[in-house]
**Student:** 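A single structure is presented below for examination.
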Amino acid sequence: MAPRTRKSERRTEALSRERIIEAAVELLDTAGEGGLTFRALTERLATGPGAIYWHVANKDELLDAATDAVIAAALATEPAGSPDSPRDAINAVALGLFDAIDEHPWLATQLATQFSRGPWKSVTPRILESIGRQVRALGVPERRWFTVATVLMHYILGAAGQNAVNGRAHGPGVNRDEFLGAVSTAWKELDPDDYPFTRAVADQMPGHDDREEFLAGIALILAGITAVPPPPRSHRARR
């Protein structure tokens, strides 16, 4: 009886919800959303579909769970600076999400889907809470918590998503420095009367650091929190 019990325990562990989600993330990373099927999942886990349906009802639930698992891990990133600094904590949240979206090609699309179709599910509140707590710790007035936190959240996800798209848009085998150098050359050849600014910054395109520019954007937003006064309340709001 003892060997049978140990085998049963190993099988239960292999077919746990966590292991199923882990396998789903692996499939999404390698084959994309189209490659995530229950048939492919049962083959990867060497089990029958019934064992998976016991833990996950359908593909939508599986996608939600995979997205939530990746986001939870990303938000666990420790601050590089002081753990008591709200700014360092915001940077840690931002870089965790930046790297997760870059590492998992399917994630940006799933985040957009959840934000538009299911903002009450776990992912949106999880991200908003991680940012919002630090916004509150910065001393932002309560009436501006929502605006500041959502501006940061949309910037982080938008910039991270665009960076991930840019990285894959070059195509396989394309050298990033060569690509950016070609863009810089093309910008320099633009009409100087129509594009004076673009020509002026063309030399800054090659060799720029995407992560540094990403964090620079967050710094600008945080600086603006105290520099920009809150918008006046509407007449209807004052009533």
**Student:** Could you state the interatomic distance from CG (Asn91) to OG (Ser85), rounded to the nearest 0.5 Å?
**Tutor:**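 Output value for this atom pair is 8.0 Å.
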**Student:** Closest heavy-atom contact between Gly132 and Ala149?
**Tutor:** CA-CB, 4.2 Å
**Student:** For a quick test of reading the model, state the closest non-hydrogen atom pair linking Leu45 to Ala23 and the distance between them.
**Tutor:** CD2-CB, 3.8 Å
**Student:** Is it true that a side-chain atom of His55 and a backbone atom of Ile52 form a donor plus acceptor pair closer than 3.5 Å?
**Tutor:**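 Judged by distance alone, no pair lies under 3.5 Å.
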**Student:** Enter the distance from Ile90:CD1 to Ile218:CD1 here, rounded to the nearest 0.5 Å.
**Tutor:**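 So the CD1 of Ile90 and the CD1 of Ile218 are separated by 8.0 Å.
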**Student:** Kindly write out the residues that satisfy side chain to side chain contact (heavy atoms under 4.5 Å, CB included) with Ala216, not counting sequence neighbours, or none if the list is empty.
**Tutor:** none
**Student:** Quick check: closest heavy atoms across Ala108 and Gly161, and the distance to 0.1 Å?
**Tutor:** CB-CA, 4.4 Å
**Student:** Where do Ala94 and Ile156 come nearest, in terms of heavy atoms and distance?
**Tutor:**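 That closest heavy-atom pairing would be CB-CD1, 3.8 Å.
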**Student:** To the nearest 0.5 angstrom, please state how far the CG atom of Leu63 sits from the OG1 atom of Thr109.
**Tutor:** 10.5 Å
**Student:** Can you pull the ring-ring contact (aromatic ring centres under 6.0 Å, His included) pairs that have at least one residue in residues 101-136, sequence neighbours excluded?
**Tutor:**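 Only His104-Trp106 qualify under ring-ring contact (aromatic ring centres under 6.0 Å, His included).
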**Student:** Treating Ser116 as the side-chain partner and Ala112 as the backbone partner, does any N or O pair qualify as donor plus acceptor under 3.5 Å?
**Tutor:**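 Yes: the side chain of Ser116 pairs with the backbone of Ala112.
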**Student:** Got a sec, which residues hit side-chain hydrogen bond (donor to acceptor under 3.5 Å, both in side chains) with Arg136, two or more places apart in sequence or on another chain?
**Tutor:** none
**Student:** Tell me which pairs pass ring-ring contact (aromatic ring centres under 6.0 Å, His included) where either residue lies in residues 122-152, with sequence neighbours left out.
**Tutor:**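 Pairs touching residues 122-152 that pass the test: none.
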**Student:** Asp210 and Arg176: side chain to side chain contact (heavy atoms under 4.5 Å, CB included), yes or no, with the steps?
**Tutor:** CA-CA 12 Å; Asp210 294 325; Arg176 177 181 182 274; 3.1 Å; yes
**Student:** Asp209: which residues meet the side chain to side chain contact (heavy atoms under 4.5 Å, CB included) condition with it, sequence neighbours left out?
**Tutor:**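 With neighbours one apart ignored, the set is Arg211, Glu212.
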**Student:** With a 4.5 Å heavy-atom cut-off, do Leu157 and Ile101 have their side chains touching?
**Tutor:**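 A side-chain contact under 4.5 Å exists here.
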**Student:** List in chain and number order the residues that pass salt bridge (charged side-chain N to carboxylate O under 4.0 Å, His left out) with Arg117, two or more places apart in sequence or in another chain; answer none if no residue qualifies.
**Tutor:**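 Scan of Arg117 (salt bridge (charged side-chain N to carboxylate O under 4.0 Å, His left out), adjacent residues dropped) gives none.
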**Student:** What's the spacing between Asp88 CG and Gln134 CD if we round to 0.5 Å?
**Tutor:**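 Interatomic distance, Asp88 CG to Gln134 CD, rounded to 0.5 Å: 9.5 Å.
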**Student:** Enter the distance from Leu75:CG to Ile131:CD1 here, rounded to the nearest 0.5 Å.
**Tutor:** 8.0 Å
**Student:** I need the full list of side chain to side chain donor-acceptor pair (under 3.5 Å) pairs touching residues 61-78, with sequence neighbours left out, sorted by first then second residue.
**Tutor:**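 Those involving residues 61-78 are Arg17-Glu61, Asp64-Gln114, Asp64-Lys121, Asp68-Ser122, Asp68-Arg126.
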**Student:** Going by heavy atoms in the side chains, are Leu111 and Ile127 under 4.5 Å from each other?
**Tutor:** yes
**Student:** With side chain to side chain contact (heavy atoms under 4.5 Å, CB included) as the test, would you mind laying out the steps for Leu41 and Thr47 before giving the verdict?
**Tutor:** CA-CA 9 Å; Leu41 197 57; Thr47 187; over 6 Å; no
**Student:** Can you name the ring pair (Phe, Tyr, Trp, His ring centres under 6.0 Å) partners of Tyr53, sequence neighbours left out?
**Tutor:** Phe38
**Student:** For Tyr155, enumerate each residue passing the ring pair (Phe, Tyr, Trp, His ring centres under 6.0 Å) test, keeping only those at least two apart in sequence or located in another chain.
**Tutor:** Phe214
**Student:** Do Val93 and Leu97 have side chains that approach each other closer than 4.5 Å (heavy atoms only, starting at C-beta)?
**Tutor:** yes
**Student:** Using the salt bridge (charged side-chain N to carboxylate O under 4.0 Å, His left out) criterion, which residues pair with Glu22? Sequence neighbours excluded.
**Tutor:** Arg19
**Student:** Tell me, do Leu152 and Leu222 make a side-chain contact under 4.5 Å, heavy atoms counted?
**Tutor:** yes
**Student:** To the nearest 0.5 angstrom, please state how far the CG atom of Leu36 sits from the CG atom of Leu28.
**Tutor:** 4.5 Å
**Student:** May I ask you to test the Thr37-Thr42 pair for a side-chain heavy-atom distance under 4.5 Å?
**Tutor:** no
**Student:** Could you pull out every donor-acceptor pair under 3.5 Å between side chains of residues 193-203 and any protein atom, sequence neighbours left out?
**Tutor:**
from, atom 1, to, atom 2, distance (Å)
Arg199, NH1, Lys188, O, 2.4
Arg199, NH1, Leu190, O, 2.9
Asp203, OD1, Lys188, NZ, 2.5

**Student:** According to salt bridge (charged side-chain N to carboxylate O under 4.0 Å, His left out), who are the partners of Glu18, at least two apart in sequence or on a separate chain?
**Tutor:** none
**Student:** Determine the minimum heavy-atom distance between Ala74 and Gly96, stating which atoms define it.
**Tutor:**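 Heavy atoms of Ala74 and Gly96 come nearest at CB-O, 3.4 Å.
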**Student:** Would you find a donor on one side and an acceptor on the other, under 3.5 Å apart, between the side chain of Thr147 and the backbone of Arg144?
**Tutor:** no
**Student:** Where do Ile21 and Ala65 come nearest, in terms of heavy atoms and distance?
**Tutor:**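 Smallest interatomic distance, heavy atoms only, reads CD1-CB, 3.6 Å.
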**Student:** Run the side chain to side chain contact (heavy atoms under 4.5 Å, CB included) check on Leu107 and Ile71 step by step: do they pass?
**Tutor:** CA-CA 9 Å; Leu107 185 58; Ile71 292 301; 4.1 Å; yes
